[in-house]
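Down below is the structure, laid out as C-alpha coordinates.
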Amino acid sequence: MAKYRVNDAGVEKAKSLIEANQYVLDSEWEDAQPSSDDENDMLDRHGYDRYGEWFLAIDTEASEETKDRYNFPYGDFRRLHRSGLIAAKQRAAQYEHDDIAAAADTLLETLDDSAS
(Lines give C-alpha, C1' and ligand atoms only; values in the text may rest on other atoms or scores of the structure.)
Protein backbone atom coordinates (compact mmCIF):
# COMPACT_ATOMS: atom_id res chain seq x y z
CA MET A 1 0.00 0.00 0.00
CA ALA A 2 1.21 3.50 -0.82
CA LYS A 3 2.64 5.67 1.94
CA TYR A 4 1.38 9.23 1.56
CA ARG A 5 2.47 12.47 3.15
CA VAL A 6 1.10 15.96 2.69
CA ASN A 7 2.66 17.71 -0.26
CA ASP A 8 3.60 21.10 1.21
CA ALA A 9 4.25 22.56 -2.25
CA GLY A 10 0.75 21.51 -3.32
CA VAL A 11 -0.86 23.05 -0.26
CA GLU A 12 1.06 26.31 -0.79
CA LYS A 13 0.08 26.41 -4.47
CA ALA A 14 -3.58 25.87 -3.54
CA LYS A 15 -3.40 28.71 -0.99
CA SER A 16 -1.85 31.03 -3.56
CA LEU A 17 -4.58 30.20 -6.07
CA ILE A 18 -7.24 31.00 -3.48
CA GLU A 19 -5.55 34.30 -2.61
CA ALA A 20 -5.40 35.18 -6.32
CA ASN A 21 -9.08 34.24 -6.86
CA GLN A 22 -8.01 31.54 -9.31
CA TYR A 23 -10.68 29.00 -8.42
CA VAL A 24 -13.94 27.47 -9.59
CA LEU A 25 -16.63 27.07 -6.95
CA ASP A 26 -19.14 25.03 -8.92
CA SER A 27 -17.86 22.26 -11.16
CA GLU A 28 -18.19 18.53 -11.59
CA TRP A 29 -14.81 17.09 -10.64
CA GLU A 30 -15.09 14.15 -13.02
CA ASP A 31 -15.36 16.69 -15.87
CA ALA A 32 -12.85 19.22 -14.50
CA GLN A 33 -10.00 16.97 -13.43
CA PRO A 34 -7.03 16.82 -15.78
CA SER A 35 -6.91 14.03 -18.33
CA SER A 36 -3.82 11.94 -18.90
CA ASP A 37 -3.07 14.10 -21.96
CA ASP A 38 -3.39 17.25 -19.82
CA GLU A 39 -0.98 15.75 -17.31
CA ASN A 40 1.54 14.83 -20.01
CA ASP A 41 1.30 18.31 -21.51
CA MET A 42 1.92 19.89 -18.12
CA LEU A 43 4.94 17.66 -17.57
CA ASP A 44 6.35 18.42 -21.02
CA ARG A 45 5.98 22.16 -20.52
CA HIS A 46 6.92 22.55 -16.85
CA GLY A 47 8.49 19.40 -15.40
CA TYR A 48 7.71 17.42 -12.28
CA ASP A 49 8.19 20.19 -9.73
CA ARG A 50 5.47 22.38 -11.22
CA TYR A 51 3.30 19.34 -11.99
CA GLY A 52 3.53 18.17 -8.39
CA GLU A 53 2.23 21.50 -7.08
CA TRP A 54 -1.25 20.48 -8.25
CA PHE A 55 -1.52 17.53 -5.85
CA LEU A 56 -2.09 17.39 -2.10
CA ALA A 57 -0.08 14.23 -1.45
CA ILE A 58 3.19 12.57 -2.29
CA ASP A 59 3.63 8.82 -2.31
CA THR A 60 6.97 8.52 -0.55
CA GLU A 61 7.49 5.01 -1.91
CA ALA A 62 7.03 5.98 -5.56
CA SER A 63 10.01 6.94 -7.68
CA GLU A 64 10.72 10.62 -8.08
CA GLU A 65 9.82 12.13 -11.44
CA THR A 66 6.92 9.73 -12.01
CA LYS A 67 3.23 10.52 -12.11
CA ASP A 68 2.65 7.82 -9.48
CA ARG A 69 4.46 9.97 -6.92
CA TYR A 70 1.69 12.60 -6.90
CA ASN A 71 -1.84 11.97 -5.67
CA PHE A 72 -5.03 13.77 -4.68
CA PRO A 73 -5.27 16.43 -7.41
CA TYR A 74 -7.31 19.55 -6.72
CA GLY A 75 -7.14 21.63 -9.90
CA ASP A 76 -6.99 21.65 -13.67
CA PHE A 77 -3.46 23.14 -14.01
CA ARG A 78 -5.01 26.61 -14.32
CA ARG A 79 -7.41 26.94 -11.40
CA LEU A 80 -8.26 25.25 -8.13
CA HIS A 81 -11.65 23.49 -8.13
CA ARG A 82 -13.71 23.29 -4.95
CA SER A 83 -15.01 19.97 -6.24
CA GLY A 84 -11.41 18.74 -6.50
CA LEU A 85 -10.75 19.59 -2.86
CA ILE A 86 -13.95 17.82 -1.84
CA ALA A 87 -13.00 14.73 -3.85
CA ALA A 88 -9.50 14.73 -2.34
CA LYS A 89 -10.88 15.07 1.18
CA GLN A 90 -13.43 12.30 0.71
CA ARG A 91 -10.98 9.87 -0.87
CA ALA A 92 -8.31 10.59 1.75
CA ALA A 93 -10.81 10.05 4.57
CA GLN A 94 -12.08 6.85 2.95
CA TYR A 95 -8.58 5.38 2.98
CA GLU A 96 -7.68 6.86 6.39
CA HIS A 97 -5.07 9.30 5.13
CA ASP A 98 -5.99 11.68 7.94
CA ASP A 99 -3.29 14.29 7.27
CA ILE A 100 -4.31 14.60 3.63
CA ALA A 101 -8.01 14.86 4.55
CA ALA A 102 -7.19 17.54 7.12
CA ALA A 103 -5.15 19.54 4.59
CA ALA A 104 -8.01 19.40 2.09
CA ASP A 105 -10.50 20.42 4.79
CA THR A 106 -8.38 23.41 5.83
CA LEU A 107 -8.11 24.51 2.20
CA LEU A 108 -11.89 24.15 1.78
CA GLU A 109 -12.44 26.37 4.82
CA THR A 110 -9.98 28.94 3.45
CA LEU A 111 -11.70 28.86 0.06
CA ASP A 112 -15.17 29.20 1.53
CA ASP A 113 -14.07 32.12 3.72
CA SER A 114 -12.44 33.81 0.73
CA ALA A 115 -15.42 33.30 -1.57
CA SER A 116 -18.02 34.61 0.86
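Here NZ of Lys15 is found 8.0 Å from OG1 of Thr106. Values are rounded to the nearest 0.5 Å. Between atom CG of residue Asp68 and atom CD1 of residue Ile58 there is a gap of 13.5 Å, rounded to the nearest 0.5 Å. Rounded to the nearest 0.5 Å, atoms CD (Glu39) and NZ (Lys67) are 4.5 Å apart. A distance of 9.5 Å separates CD of Glu53 from OH of Tyr70, quoted to the nearest 0.5 Å. Here the straight-line distance linking atom CG of Asp76 with atom OG of Ser83 works out to 9.5 Å at 0.5 Å rounding. Between the CD atom in Glu65 and the CG atom in Leu43 there is a gap of 9.5 Å [rounded to 0.5 Å].
For the pair Asn7 (side chain) and Phe55 (backbone), a donor-acceptor distance under 3.5 Å is present. Looking at Ser27, its side chain never comes within 3.5 Å of a backbone N or O of His81 through a donor-acceptor pair. In this structure a side-chain-to-backbone donor-acceptor pair under 3.5 Å is present from Ser116 to Asp112. No donor-acceptor pair under 3.5 Å is formed between the side chain of Arg79 and the backbone N or O of Val24.
Relative ring orientation between Tyr48 and Tyr51 is described as perpendicular, the plane-to-plane angle rising above 60° on a 0-90° scale split at 30° and 60°. Note: Trp54 and Phe77 have perpendicular aromatic rings, judged against thresholds of 30 and 60 degrees for the angle between ring planes.
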Can you check salt bridge (charged side-chain N to carboxylate O under 4.0 Å, His left out) on Asp59 and Arg5, steps first, answer last? CA-CA 7 Å; Asp59 180 346; Arg5 71 169 168 81; over 6 Å; no

Ser35 vs Asp38, side-chain hydrogen bond (donor to acceptor under 3.5 Å, both in side chains): CA-CA, chis, key distance, verdict: CA-CA 5 Å; Ser35 68; Asp38 294 335; 3.2 Å; yes

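The heavy-atom pair separating His46 from Arg50 by the smallest distance is ND1-NH1, 3.2 Å. Between Ile18 and Leu107 the shortest heavy-atom distance is CD1-O, 3.8 Å.
Each of Leu85 and Trp29 belongs to its own hydrophobic cluster when Ile, Leu, Val, Met, Phe, Trp and Tyr are linked at side-chain heavy-atom distances under 4.5 angstrom. A chain of hydrophobic side-chain contacts below 4.5 Å, direct or via other Ile, Leu, Val, Met, Phe, Trp or Tyr residues, connects Met42 to Leu80. Linking ILVMFWY side-chain heavy atoms closer than 4.5 Å, directly or via other members, places Leu56 and Leu108 in a single hydrophobic cluster. A continuous path of ILVMFWY side-chain contacts below 4.5 Å connects Tyr4 to Ile86, so both sit in one hydrophobic cluster. No path of Ile, Leu, Val, Met, Phe, Trp and Tyr side chains, each step under 4.5 Å between heavy atoms, connects Tyr95 with Val6, placing them in separate hydrophobic clusters.
More than 12 heavy atoms of other shown residues, nucleotides or ligands fall within 6.0 angstrom of atom CD in Gln94. By the 6.0 Å contact criterion, CG on Asp31 is enclosed, its count of non-hydrogen atoms from other residues, nucleotides or ligands being greater than 12. Other residues, nucleotides and ligands place more than 12 heavy atoms under 6.0 Å from the CG atom of Asn21.
In this structure, Arg91 forms a cation-pi arrangement with Phe72, its terminal cationic atom sitting closer than 6.0 Å to the ring centre and no more than 45° off the ring axis.
For the pair Lys89 and Ile100, the minimum side-chain heavy-atom distance is 4.5 Å or more.
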